[in-house]
Amino acid sequence: MGSSEPRLVLLGRQGAGKGTQSIRLAEHYGVIHVSTGDMFRTQATQGTAFGLEAKRYMDAGDLVPDEIVVGVIEESMVPGGPLGGGFVLDGFPRTLQQARELDRVIAGDPIDLVIDLDVPREIVFDRIAGRRVCEECQRVYHVNLRPENDWVCDTCGGAVRQRDDDTEDAVERRLELYERETVPIVDYYRARGLLTVVDGVGPGDEVFERLVKVCVEQLT
Ligand SMILES: [Zn+2]
């Protein structure tokens with residue numbers, strides 16, 4: 001390991017449970033969990049140039065361009081900055097270009113391990129396209145557990161609906177984008193001996209145990 005605290009990257013399709021597992025891994029190792037969305041918001045609040053630029057794109061509903069994403073990451077990587085020590089990166093890098101830039105930015109203290117949290121496409125498709133969310137309290141349901149399409153939230157009585165970006169077409173588009181943009185990163189890290197694949201199917205606790213086991217084996 002390059003530092004006393006691990007530097008991990010978690011890759012996986014949307015709906016693979018990457019966000020939840022990243023947070024658990026970060027807590028387990030006492031390092032920070034970084035989702036680029038959170039980091040953009042933090043830096044925008046602090047008024048950094050890249051942070052404000054990123055916010056403009058997000059507010060407009062656009063993808064933040066690579067050079068701005070990398071700028072935000074780079075500003076966070078300085079010693080003593082939020083990414084100066086160990087971390088779990090969640091949702092970054094998203095493209096091969098970003099992966100290369102990340103290597104350049106952290107050349108002195110590289111990534112220790114990249115985990116591909118593998119959940120087959122048809123399973124994540126069902127998870128996301130079947131998701132229904134309460135408009136009031138954001139509680140998440142799944143249609144497999146309910147026969148009807150729209151219903152009232154058990155918690156707050158709010159309307160439970162499908163989000164616009166959870167429709168089958170939208171999910172299909174995002175999964176295709178992932179195959180096109182992110183799968184090449186898997187090969188990139190595999191070629192450098194940094195990649196390990198973890199089966200992401202099953203109860204969250206079991207998946208987490210698999211992740212920790214892999215980290216124990218690889219981070220020595
Ligand atoms: Zn509710």
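Counting starts at 1 for both ligands and their atoms, in listed order.
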Participant: Remaining members of Phe125's ILVMFWY cluster at a side-chain heavy-atom cut-off under 4.5 Å?
Facilitator: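 Noted: Phe125 shares its cluster with Val119, Ile123, Val124, Ile128, Val171, Leu175, Val201.
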Participant: Does Asp166 pair with Arg132 as a salt bridge, N-O distance under 4.0 Å?
Facilitator: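 Salt bridge flag = no for Arg132 with Asp166.
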Participant: Which residues, ordered by chain and number, are linked to Val133 in its hydrophobic cluster, where ILVMFWY side chains connect at heavy-atom gaps below 4.5 Å, directly or through other members?
Facilitator: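 In the cluster with Val133 are Val140.
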Participant: Between Arg210 and Glu206, is there a salt bridge with N-O shorter than 4.0 Å?
Facilitator: yes
Participant: Strictly by ring pair (Phe, Tyr, Trp, His ring centres under 6.0 Å), give each pair with a member in residues 173-220 just once, sequence neighbours left out.
Facilitator: His28-Phe208
Participant: Are Arg139 and Thr155 linked by a side-chain donor-acceptor pair shorter than 3.5 Å?
Facilitator: yes
Participant: So which protein N/O/S atoms does the Zn ion (ligand 1) have within less than 2.8 Å?
Facilitator: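 Those protein N, O or S atoms (cut-off: under 2.8 Å from the Zn ion (ligand 1)) are Cys134 SG, Cys137 SG, Cys153 SG, Cys156 SG.
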